[in-house]
Amino acid sequence: MWHHRGVGPRARNPLLPFPPVTEPSRYRPQEIEAQWQAHWREQRADRTEQSGPAEPYYALSMFPYPSGSLHMGHVRNYVITDVVARQQRMRGRRVLHPMGWDAFGLPAENAAIERGVDPAEWTERNIAQMRAQLQRLGLSIDWSREVTTCQPDYYRWTQWLFLQFWQAGLAYRKEATVNWDPLDQTVLANEQVDGEGRSWRSGALVEKRKLRQWFLQITAYADQLLEDLDQLEHWPERVRTMQANWIGRSTGAELTFPVVEADGSPTGESISVFTTRPDTLFGVTYLVLAPEHPLVPSLTSAEQRLAVEALCELVAAESEQQRTDEERPKRGVALGAWVRHPASGELIPLWIADYVLAEYGSGAVMGVPAHDQRDFLFARQHGLAIRQVIVPEGADPAAFTGAAWTEPGVLIHSGPFDGLTSEEGKQRILAEAEAAGWGRARVQYRLRDWLISRQRYWGCPIPMVHCPDCGDVPVPADQLPVLLPTGIALQGRGGSPLAQLEAWRTVACPSCGGPAQRETDTMDTFMCSSWYYLRYADPLNDQLPFGREAVDQWLPVDQYVGGIEHAILHLLYSRFFTKVLRDRGLLSFNEPFARLLTQGMVQGLTYRNPVNGKYVAPADVADVNDPRDPISGEPLTVSYDKMSKSKYNGVDPTSVIDRYGADTARMFILFKAPPEKDLEWDDADVEGQFRFLQRIWRLAETAKEQGIVLNPASKGEEPEAAAGVERADLQPAEKELRRAVHTAIQEVSSDLAGELQLNTAVSELMKLANAMGTHLANVRPAVAREAVHNLVLLLAPFAPHLAEELWHRLVDPSAPASSVHHQPWPQVEASALARDTIPLVIQVKGKVRGNLEVPADADASTLERLALESDVAAKWLEGQPPRRVIVVPGKLVNLVP
RNA sequence: GGGAGCGUGCCGGAAUUGGUAGACGGACUCGACUCAAAAUCGAGCGCCUUCGGGCAUGUGGGUUCGAGUCCCACCGCUCCCACCA
């Protein structure tokens, strides 16, 4: 073993004693991490204080699905939250930092079908495995609060909460056209179908089916969910925009057109349309219904019946994706029926067309070809009239561009409304409609109700009973939970497994006692995850899902961290739950998550042979600087992609911990990229991070060898006092080191406050280590001790094991475990940051021309004088006095000739 | 089509919010130590240069004493929504 002493050949301070020569120890993360984790566990160091004088702080990571193996995305998520939790603890807060398992879901059920294992056992095993992996990361999680959504003591309350929605009139069952995943054999919510019409889980193209399903009426909260986005100032703009788009609020009018016979006599029926452009009312030349509109059969004339039925059948057979393809010509057919224009009195033909959606608005649109691009194309194709009623302000009314004018303008050909602007026209026409009874103002949302039933086994049973006499009857709260039957054989796909369990299904009606049937659908797992963060506040409550006092104490969550993929799904549902539970009097806040960080993906180094398109494992690449296919020798392309087995680019967190330790993995994942950006995992860089921790270890060893730090008397001593040297007495190196220490305190503190800039926080630690490398050997013990002391404290949230070990080695060997993590967070000492002189930048006409060392407290006129007297001024001003001088005290002087 | 965000060295990324662009790290080059290598330590590292300096933050304009940062236009990339009436 090489002998290393000091940090480089440099002059020693003669004031210092010569260090004793001892064999330095090596940084062995595997040993110290296992040791400290065991101590922390024994002493239950991470337990949450449920009450006390300190302010509560809630740091939360999105809980994982227990797939069985931890991946890098999990590591990133939990490490970010752990840094926050640990620092808040040092800041004196009572911290709630829990973990749990989103444990219902299809993978367990599929494993059961494929391998005959019991889903509960499979899930249990995965949880045990992942918990063990997680614990190796050194996360300060209070495991006594662990929640598992598939256990009866949890899902009992999911059912109880479902009944709250039922009692509030917000849960209902209805027949509807729903998204059907043919691969997973279950329905899906709208939020769970991606932009390409594929299932979020299976990736299969979803089909439309008409089924009787359970819904939660999230649309009743659309307005609040949209408006309160403004309160979420600490959420990423992106997420708020996505939710606002998803909710999709449009203001406009609902206008009613009476249906008439061909001779103009009213039939008594009417068609309502929703429009955002009531100002274009006089441009309506037809009305068009969705093929699924309920009035279509009765309105169709005998002559048109065959054509109408043919189109309806054609449309019904198509997928949503085919149907909403904008490139395709719009198909439509006249019904052979008429409505009367409510303002002009004209007769207007009724049509059906595939471009009108039954689910949005009233399923009917007024056709204004001159001012809507879709209507324009449709009218031209089917020979319908195009009537221009809006002209751009100041334009010639006769000029027709050949395309729809969709911008606002001035009304023409609109009877009494001619000459108004679009905005005035909207208001006046709406007022007229309201007065005459054929219209009203209306707000329309894109958001649809949340479809929560799933035709699968491994989920929370919906606590309802269907009675032939009483209808839908809720299971009484004291009979909860409705237990999911266990030990049943799951065979293949098709049909809800619970529906096949005759004995389980058949029950007495809770209301009349007669024979009845249980609901056999289970809940969407997003139901379980919409309230887990509330349960953590009161995990053992067996009277309620949570006590009001407990949730009000801890929530809203101070810092929530998770993936962007939940921008709409989980984060919207949870907001909805919170608002409903608030209205039920179960909690007192409006929003569950005060601050949200959406962390970026962890991507793996990916090699691909561009010739045959095959991926190559990094281990098979001989030279990373010239990557070639190990078989053919062809050069490979290098990229960073989402980790996946098929690309051989996955990195197993456990193997990284085995090799370098958790602290290195933590530091690397924090340092490599800002938290919200995608991170390119590269094993070579991890090596570099490991070197940094070794460097800290050596710095500490150097200090220890020099006998300047280990000092039991310093126990409990304030870092400022630890300097123990009069400021006036400080030598230049000592001043510089102290400035580096307090700069680091200042920068790390601000990087951890508010926006989490963890990558720069780590780089500040590196700068401090660099400064210590330069100065540690040349300063007196008190100054060195202050530096080491604070480095260890600042390091504690990031590399908790190393910090703990160094604390015991250098500061207090007899301290109890976890004591470094309960030290107060260091405070900046302003005087340590102060400088006697500062470098003043001298600019000439805005360009930097030189530096001048000036007294830090020099006033503006002094700075101006010094700048003018400088060599720089002499050189660049060529003897001419400047026309203007701008002085920024403490920074620069700009001379403008 | 609508919306949001982003373009900075070879690479990941900094920049006190209008004040020294490239912090910190990686890669690379050179040197010290070593028989040698690794590790460690030190130095260098945007481009051009006649060594005075000049040019540089996607492109082109503008505001300003001063612009990566603010304004306008354009180009490119990423994400979300989209026949939503």
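Residue numbers begin at 1 in each chain, while the letters A, B, ... track the order of the sequences.
Rounded to an integer number of Å, the gap from NZ of A:K642 to C1' of B:U78 is 15 Å. Rounded to a whole Å, the CZ atom of A:R883 is 10 Å from the P atom of B:G66. With rounding to whole Å, A:R691 atom CZ is found 10 Å from B:U40 atom C1'. Rounding to whole angstrom units, CG of residue A:D683 and P of B:G26 are separated by 16 Å. In this structure, the NZ atom of A:K847 is 10 Å from the C1' atom of B:A56, given to the nearest Å. With rounding to whole Å, A:L569 atom CG is found 12 Å from B:C80 atom P. Atom CG of A:D194 and atom C1' of B:C79 are 13 Å apart (whole Å). Counting to the nearest Å, the C1' atom of B:G12 and the CG atom of A:L758 are 16 Å from each other.
Residue A:V893 is tested with A:L868, A:L863, A:V854 for a side chain to side chain contact (heavy atoms under 4.5 Å, CB included); the sole match is A:L863. Put simply, the residue from A:F692, A:Y27, A:F690 that forms a ring pair (Phe, Tyr, Trp, His ring centres under 6.0 Å) with A:Y660 is A:F690.
Using cut-offs of 30° and 60° for the angle between ring planes, the A:H382 and A:F378 rings count as tilted.
A:R238 meets the salt bridge (charged side-chain N to carboxylate O under 4.0 Å, His left out) test with no other residue; sequence neighbours excluded. Taking A:E565 as the reference, nothing meets the salt bridge (charged side-chain N to carboxylate O under 4.0 Å, His left out) condition, with sequence neighbours excluded. Qualifying side chain to side chain donor-acceptor pair (under 3.5 Å) partners for A:R442, counting only residues two or more places apart in sequence or in other chains: A:E254, A:Q444. For A:T743, there are no side chain to side chain donor-acceptor pair (under 3.5 Å) partners two or more places apart in sequence or in a different chain. With sequence neighbours left out, A:D678 forms a side chain to side chain contact (heavy atoms under 4.5 Å, CB included) with A:M601, A:Q603. Remark: A:R240 engages A:E237 in a salt bridge (charged side-chain N to carboxylate O under 4.0 Å, His left out) (not counting sequence neighbours). Remark: A:D372 engages A:R374 in a salt bridge (charged side-chain N to carboxylate O under 4.0 Å, His left out) (not counting sequence neighbours).
Nucleotides B:G13 and B:A73 place their P atoms 29 Å apart, quoted to the nearest Å. Comparing the same atom, P, in B:A15 and in B:G31 gives a spacing of 36 Å after rounding to whole Å. Comparing the C1' positions of B:G5 and B:A85 gives a spacing of 29 Å, expressed to the nearest Å. B:C77 and B:A23: their P atoms are spaced 30 Å apart (whole Å). Nucleotides B:A14 and B:G26 have their C1' atoms positioned 15 Å apart, rounded to a whole Å. Between the P atoms of B:G61 and B:G68, the separation comes to 15 Å (whole Å). For the P atoms, the distance linking B:G12 with B:A21 amounts to 23 Å, nearest Å. Nucleotides B:U57 and B:C11 place their P atoms 16 Å apart, quoted to the nearest Å.
Residue contacts for A:P674: at a heavy-atom cut-off of 4.0 Å it reaches the sugar-phosphate backbone alone, with no base atom in range. If you check every strand for non-hydrogen atoms under 4.0 Å, A:V356 touches a base.
Closest non-hydrogen pair, A:V239 versus A:A567, comes out as CG1-O, 3.9 Å.
Below the 3.5 angstrom threshold, one finds no donor paired with an acceptor across the side chain of A:K845 and the base of B:C65.
Contact annotation: A:R884 side-chain N/O to B:G66 OP1/OP2 distance is not under 4.0 Å. Within the 4.0 Å cut-off from OP1 or OP2 of B:A39, not a single side-chain nitrogen or oxygen of A:R26 is found. At least one side-chain nitrogen or oxygen of A:R849 sits closer than 4.0 Å to the OP1 or OP2 atom of B:G54. Taking side-chain N and O atoms only, A:R446 has a distance below 4.0 Å to OP1 or OP2 of B:A82. OP1 or OP2 of B:C41 sits under 4.0 Å from a side-chain N or O of A:R695.
With respect to A:K767 and A:E764, a salt bridge is recorded, a charged nitrogen being found less than 4.0 Å from a carboxylate O.
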Where do N or O atoms of nucleotides 15-24 of chain B meet protein N or O atoms at under 3.5 Å, pair by pair?
| from | atom 1 | to | atom 2 | distance (Å) |
| --- | --- | --- | --- | --- |
| B:G19 | N2 | A:Q843 | OE1 | 3.1 |
| B:A23 | O2' | A:K767 | NZ | 2.9 |

Find every protein N or O atom lying less than 3.5 Å from an N or O atom of nucleotides 30-33 of chain B, and list the pairs.
none

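A:N770 is not listed as a side-chain neighbour of A:T774, based on a closest heavy-atom distance of 4.5 Å or more. Annotation: side chain of A:T285 is not in contact with side chain of A:I386 (no heavy-atom distance under 4.5 Å).
For the residue pair A:E191/A:W450, the side-chain donor-acceptor check at 3.5 Å is not satisfied. A donor-acceptor contact closer than 3.5 angstrom links the side chains of A:D223 and A:Y445.
Positionally, the nearest nucleotide of RNA chain B for A:K672 lies more toward the 5' end than for the other of A:M242 and A:K672. Both A:E680 and A:R374 lie near RNA chain B, and the one whose nearest nucleotide falls closer to the 5' end is A:E680.
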Annotated protein contacts, base or backbone, on nucleotides 1-9 of chain B with a non-hydrogen cut-off under 4.0 Å, one of B, S, - each: -BSS-----
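Base orientation of B:G53: anti (glycosidic angle beyond 90° from 0). Nucleotide B:U78 is shown with an anti base, its glycosidic torsion being more than 90° from 0. In this structure, B:G52 shows a glycosidic angle within 90 degrees of zero, which is the syn conformation.
Out of B:G12, B:C41, B:A85, the shortest distance to the side chain of A:A673 is found at B:G12.
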Which nucleotides of RNA chain B pair, in dot-bracket form (Watson-Crick or G-U under 3.5 Å, | meaning another strand): (((((((..(((......[....))).(((((.......))))).(((....)))..(((((..]....))))))))))))....
Would you tabulate the side-chain donor-acceptor contacts of residues 838-849 of chain A under 3.5 Å, counting partners in other chains and residues two or more places apart, or write 'none'?
none

